[in-house]
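Take a look at the structure below.
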Amino acid sequence: MLSPLSSGSFNRPLSSDGATRSQSSTVPTANEVIERVSSSRQGLRFPDELLISRDPQRFNTQLNLQITAVQRASDYLNETELSLRGLSQTMSREKRQLQLRRTRQLVERRVQQSGGTVDRNFTACLDRPAQIIFQCEALETLLVTEQREIITFALGEGTFRRWASLVITPEMSLGQRLFALNRALGQFRIWCYYDLPTQRLLFTLPESQWFHSAHWTVRGGGICFAADSLTLLRPLPITCFEQQLQQLLAGGTTATSFNAEQAVRHLQQERQKLLRHRQQVDQQLAQRAIPVGRQQALRLAKLVRQQLAACHGGFRSLNQALQCQANLPTAVVYQLIIGE
């Protein structure tokens with residue numbers, strides 16, 4: 001069992017040439033070992049791999065997922081911005097049609113291309129699922145009704161239908177009615193709030209659950225809603241950046257309301273937010289302490305040299321040992337190597 005090496009060495013078999021050079025080289029001094037470790041950490045950049053689990057000792061699971069989400073969102077926004085900028089360049093009709101088709105595909109495949117890290121407003125969602133904001137005018141009567149009524153919501157069809165109920169009373173304030181709605185609709189992962197600027201009742205729902213809203217129904221007590229049947233609710237998503245961009249690419253939006261420059265500016269602003277987040281993560285990684293001290297690094301380097309010298313061509317087994325020890329805690333690997 002060997003000490004943890006750099007992340008790139010786990011996936012590359014060791015060559016016989018490398019072993020020959022290791023046998024002929026001299027044992028490095030402590031200062032040389034520290035310089036190598038320091039230079040490798042100074043060259044540490046934001047990990048560009050979609051999955052960085054090849055170096056599990058550097059990151060915990062939460063940080064790994066966060067970094068991956070930032071990278072995927074940044075890559076998608078950057079690719080979309082470059083594709084929009086390409087439309088402003090002078091090109092033949094055939095190339096323009098090809099560029100338009102490519103840009104439309106980027107917008108249509110937003111969820112797949114970004115891994116769910118970019119919502120319909122092209123805002124990064126790093127710590128929560130992408131949400132859809134919608135309105136349902138039929139439910140606004142629940143905020144102003146002055147009569148007591150039992151409201152029952154249903155989501156789904158047949159035996160897969162889920163139910164949730166609440167009671168609206170005349171003495172309830174606006175905040176209490178919103179609380180009652182959220183307590184009932186929260187079972188469906190629906191959250192409502194009252195938007196003061198527009199004076200509308202708005203709802204949010206995870207984008208992955210939006211298709212369930214096609215079978216969202218309600219039954220009341222004969223006042224706001226019928227008591228003998230289910231009333232189908234028709235939620236309507238509010239206008240978002242994605243819809244404006246689709247209209248722009250289809251040629252259905254005038255230059256006065258929305259144009260390519262505004263779209264690029266919006267994408268730049270979102271990328272700037274991600275860049276600041278990436279810089280904060282880089283600072284956290286740079287502050288992480290080196291797991292081994294000077295004497296430990298020198299001792300481990302000597303042991304690695306001895307293992308390489310005694311391997312005599314059995315590098316496949318050595319490479320397997322490196323991959324195995326990468327998934328163990330550093331303290332356990334150190335104890336196995338030192339024999340303490």
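Position 1 is the first residue of the sequence, and the numbers go up from there.
Checked against side-chain contact (heavy atoms from CB on, under 4.5 Å), R120 has the following partners two or more places apart in sequence or in another chain: R110, I132, E207, P237, C240, E242, Q243.
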Evaluate the criterion side chain to side chain contact (heavy atoms under 4.5 Å, CB included) for residue pair L174 and L143; output intermediate values, then yes/no. CA-CA 6 Å; L174 175 61; L143 301 182; 3.8 Å; yes
Does the pair L100 and L98 meet the rule for a side chain to side chain contact (heavy atoms under 4.5 Å, CB included), with working shown? CA-CA 5 Å; L100 268 173; L98 183 62; over 6 Å; no
Should T117 and C125 be marked as a side chain to side chain contact (heavy atoms under 4.5 Å, CB included) after you check the CA-CA gap, both sets of side-chain angles, and the distance that decides it? CA-CA 5 Å; T117 60; C125 305; 5.7 Å; no
L230 and V218: CA distance, side-chain angles, deciding distance, side chain to side chain contact (heavy atoms under 4.5 Å, CB included) verdict: CA-CA 5 Å; L230 290 173; V218 63; over 6 Å; no
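Within the 3.5 Å criterion, the main-chain N or O of F153 finds no donor-acceptor partner in the side chain of R219. Judged by distance alone, the side chain of Q97 and the main-chain N or O of E94 form no donor-acceptor pair under 3.5 Å. A donor-acceptor pair under 3.5 Å links the side-chain atoms of T103 to the main chain of Q99, judged by distance alone. Between the side chain of E149 and the backbone N or O of C224, at least one donor-acceptor pair lies under 3.5 Å. With hydrogens and angles disregarded, a donor-acceptor distance shorter than 3.5 Å links the side chain of H266 to the backbone of N121. Between the side chain of R162 and the backbone N or O of A154, no donor-acceptor pair lies under 3.5 Å. Looking only at distances, no side-chain donor or acceptor of D195 sits under 3.5 Å from a matching main-chain atom of R200. In this structure a side-chain-to-backbone donor-acceptor pair under 3.5 Å is missing from N78 to S74. With T141 contributing its side chain and A138 its backbone, the two residues share a donor-acceptor pair below 3.5 Å. Judged purely by atom type and a 3.5 angstrom limit, Q131 uses its side chain to pair as donor or acceptor with the backbone of P129.
Residues I168 and L142 share a closest heavy-atom pair of CG2-O, 4.0 Å. When all heavy atoms of L232 and A214 are compared, the closest pair comes out as CD1-O, 3.7 Å. For the residue pair N182 and C192, the shortest heavy atom distance occurs at OD1-N, 2.7 Å. The heavy-atom pair separating L77 from R271 by the smallest distance is CB-CG, 3.7 Å. Closest approach of W163 to F188, counting heavy atoms only: C-CZ, 4.1 Å. Contact between A73 and A124 at its shortest, heavy atoms only, is CB-CB, 4.2 Å.
In this structure, R148 does not pair ionically with E171, as no charged nitrogen and carboxylate oxygen lie closer than 4.0 Å. Salt bridge annotation for E81-R85: present, with a cationic side-chain nitrogen under 4.0 angstrom from a carboxylate oxygen.
Residues L249 and L84 have side chains in contact (heavy-atom distance under 4.5 Å, counting atoms from C-beta outward). Between S114 and R72 there is no side-chain heavy-atom pair separated by less than 4.5 Å. Looking only at side-chain heavy atoms (C-beta outward), L236 and F134 stay at 4.5 Å or farther from each other. No side-chain heavy atom of T80 sits less than 4.5 Å from a side-chain heavy atom of S83. Between C136 and F203 there is a side-chain heavy-atom pair separated by less than 4.5 Å. At least one side-chain heavy atom of T145 sits less than 4.5 Å from a side-chain heavy atom of I223.
Taking CG from L87 and CZ from R102, the interatomic distance works out to 10.0 Å, rounded to the nearest 0.5 Å. Atom CH2 of W191 and atom CG of L185 lie 10.5 Å apart (nearest 0.5 Å). For the atom pair CG of L106 and CZ of R101, the computed distance is 13.0 Å after rounding to the nearest 0.5 Å. The NE2 atom of H215 lies 12.0 Å from the CZ atom of F160; values are rounded to the nearest 0.5 Å. Taken from OH in Y194 to CG in L201, the straight-line distance is 8.5 Å, to the nearest 0.5 Å. For the atom pair CD (E140) and CD (Q135), the distance works out to 7.0 Å, reported to the nearest 0.5 Å.
Under a hydrophobic clustering in which Ile, Leu, Val, Met, Phe, Trp and Tyr are joined whenever their side-chain heavy atoms come within less than 4.5 Å, directly or via other members, L267 and L126 fall into the same cluster. Under a hydrophobic clustering in which Ile, Leu, Val, Met, Phe, Trp and Tyr are joined whenever their side-chain heavy atoms come within less than 4.5 Å, directly or via other members, L202 and L139 fall into different clusters. Taken together through direct or relayed side-chain contacts under 4.5 Å among Ile, Leu, Val, Met, Phe, Trp and Tyr, I238 and V107 form parts of separate hydrophobic clusters. Residues L205 and F241 do not share a hydrophobic cluster, clusters being chains of Ile/Leu/Val/Met/Phe/Trp/Tyr side chains in contact below 4.5 Å.
Counted within 6.0 Å of CZ on F211, heavy atoms from surrounding residues, nucleotides or ligands total more than 12; the atom is thus considered enclosed. Other residues, nucleotides and ligands contribute at most 12 non-hydrogen atoms within 6.0 Å of the CZ atom of F179. The local environment of CZ in R96 is crowded, with over 12 non-hydrogen atoms from other residues, nucleotides or ligands closer than 6.0 Å. By the 6.0 Å contact criterion, CZ on R161 is enclosed, its count of non-hydrogen atoms from other residues, nucleotides or ligands being greater than 12. Counting non-hydrogen atoms of neighbouring residues, nucleotides and ligands closer than 6.0 angstrom, the CD atom of E261 reaches no more than 12 such neighbours.
The aromatic rings of F122 and Y76 lie tilted to each other, with the angle between the two planes from 30° to 60°.
Side-chain contact, D75 with Q71: a donor N or O sits under 3.5 Å from an acceptor N or O.
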